[in-house]
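Reviewing the structure listed below.
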Amino acid sequence: PMTINAQGQIKDANNKTIGMVSKDQIISNAKGQKLAFVDGQGNLVDAKTGKKMGRMGKDGRTYYNADGQLLFTVNDADG
């Protein structure tokens with residue numbers, strides 16, 4: 001599974017860094033190219049097209065796709 005650590009690094013199942021989430025909620029790939037961002041209403045927006053791709057839940061830990069289906073929940077890592 002993919003994980004996001006406290007520094008905002010997105011890691012794949014092999015623990016390779018494949019992207020980054022900034023404190024400003026900008027999502028970039030491993031090369032630093034901006035892929036998406038979370039707007040003021042909690043929408044995940046494609047940085048290239050401006051198209052809404054999904055939404056962050058009100059709890060700030062759940063993420064839904066554009067159809068409102070739950071994609072994933074962020075949990076605190078043990079240890």
Side-chain angles (χ1 to χ4, degrees):
M2 290 193 307
T3 60
I4 303 173
N5 65 22
Q7 292 77 37
Q9 295 172 317
I10 304 167
K11 305 257 185 179
D12 67 10
N14 297 317
N15 203 35
K16 179 180 177 187
T17 300
I18 59 170
M20 184 80 177
V21 178
S22 75
K23 293 182 190 244
D24 297 328
Q25 297 186 339
I26 296 171
I27 301 158
S28 304
N29 65 15
K31 296 179 181 179
Q33 296 168 314
K34 184 176 173 182
L35 300 177
F37 61 92
V38 178
D39 69 13
Q41 288 77 45
N43 297 311
L44 182 63
V45 180
D46 184 298
K48 192 172 188 178
T49 66
K51 182 179 177 183
K52 180 180 169 184
M53 299 187 304
R55 182 167 183 79
M56 182 169 48
K58 292 183 187 227
D59 61 4
R61 300 172 71 86
T62 52
Y63 293 84
Y64 300 86
N65 67 14
D67 296 325
Q69 299 169 323
L70 180 65
L71 290 181
F72 60 90
T73 302
V74 177
N75 293 316
D76 293 328
D78 293 333

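Values below: all heavy atoms of this structure, side chains included; hydrogens, waters and symmetry mates excluded. Every value quoted in this text rests on a predicted model; they were computed, and no experiment measured them.
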> What is the distance from atom CG of Asn29 to atom CG of Leu35, rounded to the nearest 0.5 Å?
Replying inline: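 Output value for this atom pair is 4.5 Å.
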>> For the NZ atom of Lys51 and the CG atom of Asp46, what is their distance to the nearest 0.5 Å?
In response: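 Result: 8.5 Å between the selected atoms.
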> Should we say atom NZ of Lys52 is surrounded by more than 12 heavy atoms from elsewhere, each under 6.0 Å from it?
Replying inline: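 Check passes, neighbour count above 12.
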Going by atom type alone, with no hydrogens or angles, which donor-acceptor pairs under 3.5 Å involve a side-chain atom of residues 19-28 and a protein atom two or more places apart or on another chain?
{"residue": "Ser22", "atom": "OG", "partner": "Asp24", "partner atom": "N", "Å": "3.2"}
{"residue": "Ser22", "atom": "OG", "partner": "Gln25", "partner atom": "N", "Å": "3.4"}
{"residue": "Ser22", "atom": "OG", "partner": "Ile26", "partner atom": "N", "Å": "3.1"}

Side-chain donor or acceptor of [X] paired with backbone N/O of [Y] under 3.5 Å:
X: Asn14; Y: Lys16; answer: no
X: Asp67; Y: Gln69; answer: no
X: Asn43; Y: Val45; answer: no

>> Hydrophobic cluster membership, with links at side-chain heavy-atom distances under 4.5 Å among I/L/V/M/F/W/Y: are Ile18 and Phe37 in one?
In response: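 No, separate clusters.
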> Where do Thr17 and Ala30 come nearest, in terms of heavy atoms and distance?
Replying inline: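 So the minimum-distance heavy-atom pair works out to O-CB, 3.8 Å.
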